[in-house]
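In what follows, every chain begins at residue 1, and chains take the letters A, B, ... in the order their sequences are listed.
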Amino acid sequence: MRLSFPQLLARIGFSALAAIIGILFALPLIWFIFAPFNARAELGIAIPDPWTLQNFLTVFGNGFAMRGLLNSLIQSVGGVILVAAAATLAAYALSRSSIPGKSIVTYVLLLFSSVVSGTAAMVPIFLIVSSVGLMDTHIAVILVFAGGLLPTAMFILRDFIDGIPKTYEESAMVAGASPVQAFFDVALPVIRPGIVVVVVWAFVNIWGSFLIPFILLRSDDLMPSSVAIYSFYSEAGTPIVTLLAAYSLIYSLPVVALYLFVSWKFGFRFFGGIKA
Amino acid sequence: MASVEFQNVTKTFGTFNAVSDISFKVADGEFICLLGPSGCGKTTSLRMIAGLETPSSGKIMIGPDDVTHLHPKDRQISMVFQDYALYPHMNLADNIAYPLKVRGESVEKRHKRAKEVADVLKIGDLLNRLPSQISGGQQQRTSLARALVYPSRVYLFDEPLSNLDAKLRLEARGFLNHLQRDMGMTAVYVTHDQAEAMALATRIAVMDRGRIVQFAPPIEIYRRPATTFVANFVGNPPMNMIPVEGTIEGERLQLRAHGVLVRDLPISSGIKAALGKGAGLTLGVRPEHLSMGTINDVNMVSGKLFANENMGPEKLVTFERQDGGRVTARIFTDDAVETSENVAFTFDGAHATLFDAEGNRIPADGEMPL
Ligand SMILES: Nc1ncnc2c1ncn2[C@@H]1O[C@H](COP(=O)(O)OP(=O)(O)O)[C@@H](O)[C@H]1O
Ligand SMILES: [Mg+2]
C-alpha cells in the first residue's frame, strides 16, 4: 500500500512521539539498574566502569537501613494477613447474605477508605493511636494500614465472589457440609485467585508507604525502609546517590519477588465457572 | 428412601408469589416431575425441599419429619444442579467423594466408593482429571455420581440434562430411567421439557404461575389434560385447540367452526351444563389422532395446506382454517397427502377432548380411571 505524503508524515510523527515517550519511561529504569553498581553514580545515566559491589557493602553496613527492611517486612506481612483475612470474610458475607442495603454499605466504606488512609485523617489517626497507647508500635502501623486498605479490598473481593455461582456451596451443603465446611472446602479455594490479587495489591501499598509509619513511629529500630531510606541523605539534605541507588534496588526486590512468585504459583489466572 | 409432602407451601420474593399455596405428596419410591414453562416456580419448589429456600408459609415433610426449617446438611438428600456445581479445584475422585469426606470417611474408603459409582457411570478412568478437563456429558455424570455416592432419602434434579446436546440427553434420560427402576429412588425432577417428564415420571405435576394445575400419571396428563394450559404444554406438537359452537341434535353433540364439522360425539352432563351457560367450547384433538379424510367424514376438520414437514417416519401436515386458526396433523410418511390446496382430516370421536369456557376439561359421563 502506498501512503500519501501527509499520511507518511503523520506516521513518522506518531512513531517519533511514541519513541520519545517510551524513552522517557525507560530512562529511570535504566538508571535504576546501572547506578547501584557504579561507585561514581550521579543523577545522569552512565554505564558503570568498573562494575562494583562497593555501594552494596556500604549499605549492608548501615544497621538502621537493614533493620528497616525487616520492619517493612513485619508491617507489610502483618497488614496483608489482616487485610486478606478480614476482607475475605467480610466480602463473602456481603456477597452471599441477603442483608438489605448491603451494596450501600460497601460503597460508603469505599468512600471512607480514601479518607482514612489519606493525609487529611493523619491528625485524628495520630490522636486515636496515641490515646489507645499504641504509639510507636508495629501494631499501630498494621492496624491503620488494614483500616485504610480493607474497604477497597472488600470491594474487589465482593465483586469477585459475586461472580462465583452460589451452587458450589449449595451443593456442598446439600451433600452434608456445614456452612463453615462449605466455605473452607469449596468457596475459599475458588475465591483464592481473588485473594491473591488483594494480597499483592495490599503488600505493594504498605511496602511503599512513608507517611503513616513516619508519623506513628518514634524509635529508629521500628522504622520501615521507606523511612530508613532517608539515612542515605547527607545532613544538608542532599542524597548520596550511590548508596541510595543500591538501597533502592534492594528495597524493590521483595515486591518483584512477590510478583514472580504469584505469577509462577497462580499465574494470575482465575478458575471461573465450568461451562458445558 | 422416603416420601415428600408439601402442605400449603407458599414462597414469596418481595411481593411476588413464586409458589402459591402448593400441596402434594410424593410417595416413597416415586419419581415425580415438576413440569412447566420457565419462571413458573419449579426450581423454587425444589430448592425448598433441599432447604436452600425457606417457605414463606406452609410445611414440608420428608418421611415422618417436618423439615421446613432444617438446614440442608441435615436432610439426608441429594441434588443434581443444572450447572453441575462441580468443584473446579478438585479432581473427579474428590468431587464424587466429597459427601463422604464431610461424613468423616477415610480417604481409602471414600475413594474406593467413588470408584465404584464412577465405574457404573462409565467415568471410572477419568478420576484423576479436573472438571475442566472433561466433556459436558462426563461432567453431568460426575455430578450424578456425587449425588449417588451416599445413601439419601430423596433425590432432587434441577433440569440436569438441559446443558447436554440432543443425543447425549436421550442417552442420559434412558440411564436415569434405568436407575429409577433399579434403585426405586424417591425423586423430584424439575424440567421444562415435556418429553423428559413423560419418559421419566411416575407422576407429573404441571405447574403454571406458581400453582400446580394437574398432578397425575403421564398417560393421564396426556389423555385427559385438566386444562387448556396442560393440553397446550404437553405433546409435541401440542394438542390442536379449536374454539367451536356446540349444539345437541338428537342424542348426539354437534360442533361447528370455520372448516370444522363434528357430528357424532356423545353427550355428558358436563357438556349440557357448559352449553346451558351459552358460552362456547374448545375442541382439543392431538395431531397424532388426525388422519386423512374427506369433507364428508362424520368428524371433519379442513383447511388450506400451510406446511408439510417430513420428520422421517412421520410427517407434520399443517393447514389453516378460514378464520386463520392452524391445525397440525401427524401422519405416517407413507400415507399419501393430497398436495392440493385444500385438505380434510378426520378423527375418532373417542379422541376428542372438550374444554369449557374457563379452559377446564369436561369429563365424559362414567369416566373410568386410566
Ligand atoms: N431469589 C429470588 N429473588 C427474587 N425472585 C426470585 C428468586 N428466585 C426466583 N425468583 C422468581 O420466582 C419465579 C420462579 O422462579 P423459578 O422457581 O426459578 O422458576 P423455574 O425454575 O420454574 O423457571 C421467577 O419469576 C423468578 O424470577
Ligand atoms: Mg429453574
Exercise. In terms of heavy-atom pairs under 4.5 Å with chain A, which of Gln82(B), Met90(B), Gln140(B), Arg47(B) leads?
Worked result: Arg47(B)

Seminar exercise, completed: So, the part of Ile77(B) with a heavy atom under 4.5 Å from chain A: the answer is both

Exercise. Checking heavy atoms, do the side chain of Arg103(B), its backbone, both or neither come under 4.5 Å from chain A?
Worked result: side chain

Exercise. Out of Gln138(B), Gln133(B), Gln139(B), which residue meets the side-chain hydrogen bond (donor to acceptor under 3.5 Å, both in side chains) rule with Ser135(B)?
Worked result: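 One option only clears the test, and that one is Gln138(B).
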
Exercise. Are Asp193(B) and Arg173(B) close enough for a salt bridge, meaning some N to O gap below 4.0 Å?
Worked result: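 Salt bridge: no.
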
Exercise. Does Glu105(B) come within less than 4.0 Å of Lys109(B), counting only side-chain N to carboxylate O?
Worked result: yes

Problem set entry | Modelled atom types, side-chain donor and acceptor of Tyr84(B) and Thr142(B), under 3.5 Å | no

